[in-house]
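Remarks on the structure that follows.
Numbers here are sequence positions counted from 1.
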Amino acid sequence: MKKIVSSLVLALLIVTVTVPFSYANSTSNAVTITTSAVTIVSPATNVIYTKDLLLSLRVSEQTNVKLSVYKATDLETPILGPVTYENTSNLNFYTKTIPNIKPGIYRIVVLDLSNSIETKCDVTVKEKPASAPNKIFNAPTQNSALQIIQTVFKSIFGGQEK
């Protein structure tokens with residue numbers, strides 16, 4: 001009977017550990033967009049809560065990149081750019097901050113001038129909500145995963161305290 005229970009616990013433990021990794025790549029709100037040489041690193045999601053919009057590009061070969069940001073309601077007038085960046089090494093990052101950005105939908109347009117590849121992504125900027133008190137250190141640790149696993153093993157293998 002103990003062999004069956006321990007086998008079930010082991011199977012449950014394996015499923016518990018492997019299932020989250022199988023869904024790790026299926027996030028639908030990731031913004032990471034890659035062309036042959038340029039990757040939009042930041043913003044990392046489609047919806048961000050901030051006052052300052054941080055734009056970050058990873059450029060993985062020697063190329064020229066043109067960056068523009070538009071308000072989605074006005075795609076004729078950029079709020080940033082076009083800014084041209086010349087990368088002279090095999091790997092480099094270009095970072096730009098747009099301070100005091102208003103909530104709304106913005107379109108980021110990146111043009112790899114050497115390969116003539118244009119990449120667009122839309123990002124929704126929302127106001128940062130009022131922060132709730134940080135209760136991380138006040139949280140009870142009774143129901144942690146480690147506590148549950150210890151309890152299961154104690155019940156199976158008879159780990160009574162002396």
Side-chain angles (χ1 to χ4, degrees), residues 12-151:
L12 180 65
L13 185 62
I14 290 171
V15 169
T16 306
V17 171
T18 57
V19 168
F21 293 112
S22 65
Y23 291 104
N25 293 330
S26 66
T27 54
S28 62
N29 63 348
V31 173
T32 305
I33 296 174
T34 305
T35 65
S36 61
V38 182
T39 303
I40 298 174
V41 178
S42 178
T45 60
N46 291 9
V47 179
I48 57 172
Y49 298 87
T50 186
K51 290 182 183 177
D52 301 329
L53 178 60
L54 175 66
L55 302 169
S56 184
L57 305 176
R58 181 181 73 203
V59 185
S60 60
E61 63 185 47
Q62 295 179 2
T63 185
N64 293 333
V65 177
K66 188 185 289 187
L67 170 69
S68 302
V69 178
Y70 300 90
K71 184 93 171 158
T73 56
D74 181 15
L75 297 176
E76 298 295 321
T77 309
I79 63 165
L80 173 72
V83 176
T84 304
Y85 169 69
E86 181 181 350
N87 184 29
T88 57
S89 65
N90 288 332
L91 178 62
N92 217 334
F93 290 87
Y94 177 75
T95 303
K96 187 74 175 171
T97 302
I98 302 175
N100 300 320
I101 196 162
K102 296 191 183 331
I105 300 173
Y106 294 88
R107 175 162 292 167
I108 301 170
V109 179
V110 178
L111 178 60
D112 181 351
L113 296 173
S114 299
N115 299 321
S116 298
I117 298 174
E118 185 177 76
T119 305
K120 300 175 186 177
C121 72
D122 291 338
V123 176
T124 302
V125 176
K126 294 186 175 183
E127 285 188 32
K128 199 173 199 177
S131 61
N134 191 355
K135 296 183 179 181
I136 293 175
F137 297 108
N138 297 334
T141 58
Q142 296 169 335
N143 293 328
S144 69
L146 180 61
Q147 182 86 21
I148 293 169
I149 292 172
Q150 286 175 347
T151 305

Next on the checklist: Can you confirm whether V125 sits close enough to K102 that some side-chain heavy atom of one is under 4.5 Å from a side-chain heavy atom of the other?
Outcome noted: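 They are not in side-chain contact.
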Checklist entry - Side-chain contact, heavy-atom cut-off 4.5 Å: L67 with Y94? => result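 Yes, at least one pair of side-chain atoms sits under 4.5 Å.
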For the atom pair [atom1] ([X]) and [atom2] ([Y]), what is the distance rounded to the nearest 0.5 Å?
X: T63; Y: N90; atom1: OG1; atom2: CG; answer: 11.5 Å
X: I40; Y: L57; atom1: CD1; atom2: CG; answer: 6.5 Å
X: Q62; Y: S89; atom1: CD; atom2: OG; answer: 7.0 Å
X: I101; Y: T50; atom1: CD1; atom2: OG1; answer: 8.5 Å
X: L55; Y: I98; atom1: CG; atom2: CD1; answer: 5.0 Å
X: Y70; Y: I108; atom1: OH; atom2: CD1; answer: 12.5 Å

Within the distance-only criterion (no hydrogens, no angle test), does the side chain of [X] pair as donor or acceptor with the backbone N or O of [Y] below 3.5 angstrom?
X: D52; Y: N100; result: yes
X: N87; Y: E61; result: yes
X: S56; Y: V41; result: no
X: T97; Y: P99; result: no

Checklist entry - So which heavy atom on T45 is nearest to which on V123, and how close? => result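 In this case the closest contact between T45 and V123 is O-CG1, 4.3 Å.
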Checklist entry - Nearest heavy-atom pair of F93 and Y85: which atoms, and what distance? => result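 Closest heavy-atom pair between F93 and Y85: O-OH, 4.0 Å.
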Item to check | Verdict with reasoning, L80 to L53, per side-chain contact (heavy atoms from CB on, under 4.5 Å) | outcome: CA-CA 11 Å; L80 173 72; L53 178 60; over 6 Å; no
Checklist entry - Is the number of heavy atoms from other residues, nucleotides or ligands under 6.0 Å of K71 NZ greater than 12? => result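 Correct, the count exceeds 12.
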